[in-house]
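Inspection log for the structure reproduced underneath, given as C-alpha cells.
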There are 2 protein chains.
Amino acid sequence: MADTGSTGENLLFLTDEQLRKGIEAMFFAYRGFTADPDRILAEMSYGRAHHRALHFINRARGTTVNNLLSVLGVTKQSLNRVLRTLIEDGLVESRVGSRDRRERHLYLTRKGAELERQLSEAQRARMRAAYRAAGPEAVAGFRRVLEAMMDEPSRQHYQALKDSKP
Amino acid sequence: MADTGSTGENLLFLTDEQLRKGIEAMFFAYRGFTADPDRILAEMSYGRAHHRALHFINRARGTTVNNLLSVLGVTKQSLNRVLRTLIEDGLVESRVGSRDRRERHLYLTRKGAELERQLSEAQRARMRAAYRAAGPEAVAGFRRVLEAMMDEPSRQHYQALKDSKP
DNA sequence: TCTTTTAAGTCAGTCTTGTTGACTTTCCAA
DNA sequence: TTGGAAAGTCAACAAGACTGACTTAAAAGA
C-alpha cells in the first residue's frame, strides 16, 4: 500500500496537522504517564521529584550526587531538598566514597526499594496496557520517535541507562 | 518476518525491561518536547502554563473558561492567574457570551496569535525532525501508544480536538 | 608543601504553578 | 422569584524549580 522507500516517500505525515496531533498526544499522554505514581506519592506527601530520584538511584546504584544531578537536570539545591527527606526517612543511604572521599554514593534501603517498586509497578501497569493495546510494531515506533525527540544530553543519559543491568 | 498475529504473538516487548525503557524514554523525551518553547517563554517571563492556555485557546477559538479548565486539568484559580496576565498583556480577549452572558469566550488577539505561532513553530520544528528521523511507520506507532496511555477524560479531549479545523 | 579545584552540602530568597476554602457577582431557568 | 451554575476574586499555602553566596572536605596540581 504505502511507499516507504527513502526517496519516493509520502511526506503527508510531516504536515503541521500531523505534528499538532503528536504534540497534543504528548501532552495528554504525559498526564496519564504520571497519574498513577502521583496518586501513591500524594498519600505519603512525597512528590514527583522524589519518584524521579528513587527511580534513578535504583537504576544506577551507587551513583554520585553529581551524576544524579546531571541525569535529572536540576540544580544541586533542588535535588538536595528531596534527597535530604529521602535520607531522613530512611529510603536512601548515602555512603562516603572509598576512592574519592568527597563523593557520596547513593543506594536505596530495603524500604526505599520497596517504595520504588510500588511506584514503578503502577507506572509499568499502565505502560504494559498501552503496549499491549498498541502492539509490538507500534512500540518500536513509539521508542524511535521519543529517542529522536530528546536533546543531546538526555539522549546520552538514556543510552547509558538503556542496556545496564536490571 | 515477525509473527504479529493475535494469538501466536511474541510477547518479549512486554517485559519489565522493555517497559522500563519506554518509561525512561518518556521522561527524557518530554524534556526535549518542552525545551524550545520554554526558552522563548523565559525571555518574556511567561511559563509553560501560559503556553498551554495559548495553545488550547487557539485550537478551540471561543472556548469557555470552564471548558478550558477541564482540558487543562487545573483549578479555576490556577488558570485564572495565567489568564489574567494574558488578558492584561493583550494576548487574549475575553468576550461575554451572547446566549449565556455568564460565560466568557476566549480568543487570541493578533498579538496572542503571533506568540502562539512562535511557540508552536519551535515545538513543531523539533517534532518534525523527530518524525522525519523515525519515519511514517514509527510515527503511527508513536501516536498509537500515546493514545493508549491516556486516561479517559484526556482521551475524550484529545479525540474532540483531533479532527477539528486548523 | 601550598594552592587551586572539585564535590557536597547549606542558607536565604525568589518564582511559577499548582492546591483549598470562602466569598461575590451575574444571570439563566425552573 | 429564587435556586443554582458560571465566572471571578481574595487569601493562604506547598512543591519544586531557580539564583547567589558560602562552608567544608578532600583531591589534584604547581
Side-chain angles (χ1 to χ4, degrees), chain A residues 27 30-31 34-35 37-57 62-89 92-107, chain B residues 27 30-31 34-35 37-57 62-89 92-107:
Chain A
F27 171 71
Y30 201 79
R31 280 223 295 244
T34 55
D38 279 358
R39 261 188 292 274
I40 297 170
L41 290 157
E43 284 171 20
M44 35 188 59
S45 55
Y46 286 137
R48 219 174 272 181
H50 299 88
H51 182 191
R52 292 199 282 256
L54 291 174
H55 176 96
F56 287 111
I57 292 171
T63 184
T64 62
V65 172
N66 249 6
N67 181 57
L68 189 55
L69 235 40
S70 106
V71 170
L72 293 174
V74 297
T75 59
K76 166 174 70 156
Q77 294 89 329
S78 196
L79 175 59
N80 211 259
R81 189 177 8 171
V82 165
L83 222 41
R84 189 162 39 198
T85 71
L86 291 175
I87 291 169
E88 279 168 6
D89 296 354
V92 167
E93 193 189 344
S94 165
R95 297 186 205 151
V96 172
S98 53
R99 245 188 31 204
D100 184 335
R101 301 188 38 200
R102 287 170 305 182
E103 295 180 338
R104 300 299 135 88
H105 298 271
L106 303 169
Y107 298 88
Chain B
F27 171 71
Y30 201 79
R31 280 224 295 246
T34 56
D38 279 358
R39 260 189 292 275
I40 296 169
L41 289 157
E43 283 171 20
M44 38 189 56
S45 56
Y46 286 137
R48 218 174 271 181
H50 298 87
H51 181 191
R52 293 200 281 256
L54 292 174
H55 177 96
F56 287 109
I57 293 171
T63 184
T64 62
V65 172
N66 247 9
N67 181 56
L68 189 54
L69 235 39
S70 105
V71 170
L72 293 174
V74 296
T75 58
K76 164 173 73 156
Q77 294 87 332
S78 194
L79 175 58
N80 211 259
R81 194 175 5 186
V82 165
L83 224 40
R84 188 163 40 197
T85 72
L86 291 174
I87 291 169
E88 279 169 6
D89 297 354
V92 167
E93 193 189 344
S94 166
R95 296 187 205 152
V96 172
S98 53
R99 245 187 30 205
D100 184 336
R101 301 188 36 199
R102 287 168 304 181
E103 294 181 338
R104 301 300 134 88
H105 298 269
L106 303 169
Y107 298 88

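Values in this document were obtained by computation on a predicted structure and should not be read as measured data. Only this structure's heavy atoms are used, side chains among them; waters, hydrogens and symmetry mates stay out. Residue numbers start from 1 in every chain, and the chains themselves are labelled A, B, ... in the order their sequence lines are given, proteins ahead of strands.
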Check: C:dG9 base within 3.5 Å donor-acceptor of A:Arg84 side chain: no
Short side-chain N/O contact from A:His50 to OP1 or OP2 of D:dA15, under 4.0 Å: no
Spell out, as yes or no, whether a donor-acceptor pair under 3.5 Å connects the side chain of A:Thr85 to the backbone of A:Val82. yes
With the side chain of B:Thr75 defined as its heavy atoms from C-beta on, choose the nearest nucleotide among D:dA17, C:dT19, C:dG9. C:dT19
Phosphate contact (D:dA7 OP1 or OP2) by B:Asn66 side-chain N/O below 4.0 Å: yes
Would the base of D:dG16 count as contacting A:Gln77 through its side chain, where contact means a donor and an acceptor less than 3.5 Å apart? no
Which residues in residues 99-106 of chain B have a heavy atom closer than 4.0 Å to any atom of DNA chain C? B:Asp100, B:Arg101, B:Arg102
When you measure from the side-chain N and O atoms of A:Asn80 to the phosphate of C:dA8, is any distance below 4.0 Å, counting only OP1 and OP2? no
How would you label the contact of A:Arg48 with the nucleic acid (heavy atoms, under 4.0 Å): base, sugar-phosphate, or nothing? sugar-phosphate
Return no unless some side-chain N or O of B:Arg52 is found under 4.0 Å from OP1 or OP2 of C:dT16. no
Decide ring-ring contact (aromatic ring centres under 6.0 Å, His included) for B:Phe56 and A:Phe27; before the verdict, give the C-alpha distance in whole Å, the side-chain angles of both, and the deciding distance to 0.1 Å. CA-CA 11 Å; B:Phe56 287 109; A:Phe27 171 71; 5.4 Å; yes
More 5' along DNA chain D: A:Gly47 or A:Gly97, using each one's nearest nucleotide? A:Gly47
